[in-house]
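Written below as structure tokens is the structure these notes are about.
Heavy-atom basis, side chains included; hydrogens, waters and symmetry copies ignored. First the proteins, then the strands, lettered A, B, ... as listed; each starts at 1.
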Protein chains: 2
Amino acid sequence: MAQRKSPTRPRSAAPPRPRDAEQTRSEILHAARVLFATRGYANAGMREIAAAAGITPALVVRYFGSKRDLFIAAIESDIGLGPFLGPDRATVGRHIARYFFSKPVREADTLSILLHAAGEPEVCDLATELLAARVIQPLARWLGPPRAEARAALLLAIISGTWLFRQALPMRAFAGGPDTALASCMAAQLQHVVDGSPEA
Amino acid sequence: MAQRKSPTRPRSAAPPRPRDAEQTRSEILHAARVLFATRGYANAGMREIAAAAGITPALVVRYFGSKRDLFIAAIESDIGLGPFLGPDRATVGRHIARYFFSKPVREADTLSILLHAAGEPEVCDLATELLAARVIQPLARWLGPPRAEARAALLLAIISGTWLFRQALPMRAFAGGPDTALASCMAAQLQHVVDGSPEA
DNA sequence: GTTTTTTGTCAACGGCTGTTGACTTCTACC
DNA sequence: GGTAGAAGTCAACAGCCGTTGACAAAAAAC
């Protein structure tokens with residue numbers, strides 16, 4: 001009854017979040033990318049994403065519409081294989097291997113997000129289409145004959161398999177930096193495919 | 001009111017399931033393996049597994065205790081790389097490639113189940129430990145020096161990456177049988193690692 | 001100074017999840 | 001024939017999920 005002047009704002013000392021729509025949007029996107037990449041689509045909850053961004057799940061919906069739309073926005077970013085596809089073909093294997101064995105495992109990269117979409121009935125198709133369009137096709141075009149698409153697919157498989165066991169199914173055998181024996185083997189294998197592997 | 005003699009069994013024409021505990025148990029296990037392999041741990045529900053086995057979810061719990069224990073039982077089966085690790089080293093690459101490009105994609109194999117455990121907080125550790133103990137270690141022992149563990153890891157990465165894009169993230173570039181260019185390239189790559197790939 | 005729009009919170013909804021306990025029904029043993 | 005126990009069904013629990021609409025407050029527009 002004896003309510004004094006302001007029933008609103010019962011909160012104690014929490015400073016109200018600064019109202020910056022653009023930054024809030026990017027914070028949501030970053031939190032979503034991290035959680036999609038580490039836990040997968042099904043295991044990354046809207047409440048968890050919202051909490052990581054410092055806001056309320058309802059606000060995530062208002063910014064992105066739905067969880068699926070948030071996922072689509074989270075993968076609208078390049079995978080980053082493009083920078084390696086330059087004119088220097090002799091060392092591209094080592095450069096790619098060095099890159100994937102140097103980048104921090106906990107980073108929110110698009111490849112991890114896409115690999116985690118495996119089997120998810122809602123987003124699996126999106127992931128495969130994006131991989132085909134943004135990785136396989138440019139890679140095959142850059143490789144050229146013979147068997148351009150097969151060699152591009154094999155490169156993607158080697159990279160994905162290695163990264164999977166570094167990031168999502170972390171195995172001891174795949175740990176370590178770019179100076180390990182595995183990184184060296186991987187570089188040699190990638191280069192072997194780029195150069196055009198012989199018939200079996 | 002005028003209920004006649006038997007209030008039980010209101011079911012119409014459904015024949016009561018034959019009471020065979022051993023077969024029921026194996027049917028549950030098979031259904032679980034199929035669904036874990038195709039949809040992943042989080043997306044394979046207990047009701048779905050039970051329905052696929054033709055029973056009730058409560059019975060699944062009575063047989064296996066919990067979903068996690070069911071998963072543990074589902075991966076207690078060999079991955080099947082063992083048969084290739086014989087004395088014939090010259091053609092093992094082609095044999096493995098032929099095997100993975102011939103086996104039906106929809107089959108419930110342990111490798112698919114384990115790959116789908118990526119990021120699942122409940123079962124990720126189990127999957128990595130099992131892969132290390134049942135694949136990496138025997139493979140490294142069979143390969144021998146130099147860099148046995150690195151080469152074993154690379155073989156697992158190539159196989160897993162390829163199978164991932166055939167089964168869980170089905171891409172057009174990975175479709176097709178054992179006579180495709182990709183299968184041939186993969187065989188050559190595997191053999192190259194088995195023979196001991198050169199330094200990068 | 002008032003109104004409108006944007007930015008954010010809150011409580012709740014229906015639906016799905018794994019799991020539980022009480023209950024039937026069939027089978028095998030004495 | 002009677003009974004103990006195995007095999008299976010059923011309904012319900014608590015908890016989490018994505019999503020919604022009503023509301024509060026800050027900022028902007030008039």
Next item on the list: May I have the step-by-step check of side chain to side chain donor-acceptor pair (under 3.5 Å) for A:R33 and A:S112, ending in yes or no?
Entry: CA-CA 9 Å; A:R33 284 175 59 85; A:S112 297; over 6 Å; no
Check: Rounded to the nearest Å, what distance is computed from the NZ atom of residue B:K67 to the P atom of nucleotide C:dT19?
Finding: 8 Å
Next item on the list: Check the distance between D:dT19's P and A:D69's CG and give it to me in whole angstrom.
Entry: 8 Å
Next item on the list: Find the distance B:E27:CD to D:dA7:P and express it as a whole number of Å.
Entry: 14 Å
Notebook entry, point to check: Checking B:R147 side chain against A:A181 main chain: does a donor-acceptor pair fall under 3.5 Å?
Noted result: no
Next item on the list: Describe the nucleic acid contact of A:F64 in one word from base, sugar-phosphate, nothing, applying a heavy-atom distance below 4.0 Å.
Entry: nothing
Check: For A:R89, does the CZ atom sit with more than 12 other heavy atoms under 6.0 Å from it, leaving out its own atoms?
Finding: yes
Checklist line | Spacing between A:D20 atom CG and C:dG8 atom C1', to the nearest angstrom | finding: 13 Å
Item checked: Check: B:G176 main-chain N/O paired with B:T180 side-chain donor or acceptor under 3.5 Å -> no
Next item on the list: Figure out the CG/P separation between B:L70 and C:dG18, and round it to whole Å.
Entry: 10 Å
Note to self: Can you measure A:R25 atom CZ to C:dT6 atom P for me and round it to whole angstrom units?
What the structure shows: 15 Å
Margin query: Here's one to test your reading of the geometry: is the NZ or CZ of B:R68 within 45 degrees of the ring axis of B:Y41 and under 6.0 Å from its centre?
Written below: no
Item checked: Results of salt bridge (Lys or Arg N to Asp or Glu O under 4.0 Å) for B:R172 - residues two or more places apart only -> A:E149
Margin query: Quick check on D:dA7: is either OP1 or OP2 less than 4.0 Å from any side-chain nitrogen or oxygen of B:Y63?
Written below: no
Notebook entry, point to check: Is there a donor-acceptor pair under 3.5 Å between the side chain of A:T56 and the backbone N or O of A:L59?
Noted result: no
Next item on the list: Tell me which nucleotide among C:dG8, D:dT9, C:dT19 gets nearest to the side chain of B:A58.
Entry: D:dT9
Notebook entry, point to check: Do the side-chain N or O atoms of B:T24 get closer than 4.0 angstrom to the phosphate oxygens (OP1, OP2) of D:dG8?
Noted result: yes
Check: Which whole-number value in Å describes the distance from B:L59 CG to C:dA22 C1'?
Finding: 15 Å
Check: Please give, in whole Å, the distance from D:dC23 C1' to A:R62 CZ?
Finding: 11 Å
Next item on the list: Please determine, for the side chain of B:V61, which listed nucleotide (D:dT19, C:dT19, D:dG8) has the closest atom?
Entry: C:dT19
Notebook entry, point to check: Between the base of D:dG18 and the side chain of A:R47, is there any donor-acceptor pair under 3.5 Å?
Noted result: yes
Note to self: Here's a test of your reading of the structure: between A:E48 and A:G65, which maps to the more 5' nucleotide of DNA chain D?
What the structure shows: A:E48
Notebook entry, point to check: Which residues within residues 28-46 of chain A lie with some heavy atom under 4.0 Å of an atom in DNA chain D?
Noted result: A:A44, A:G45, A:M46
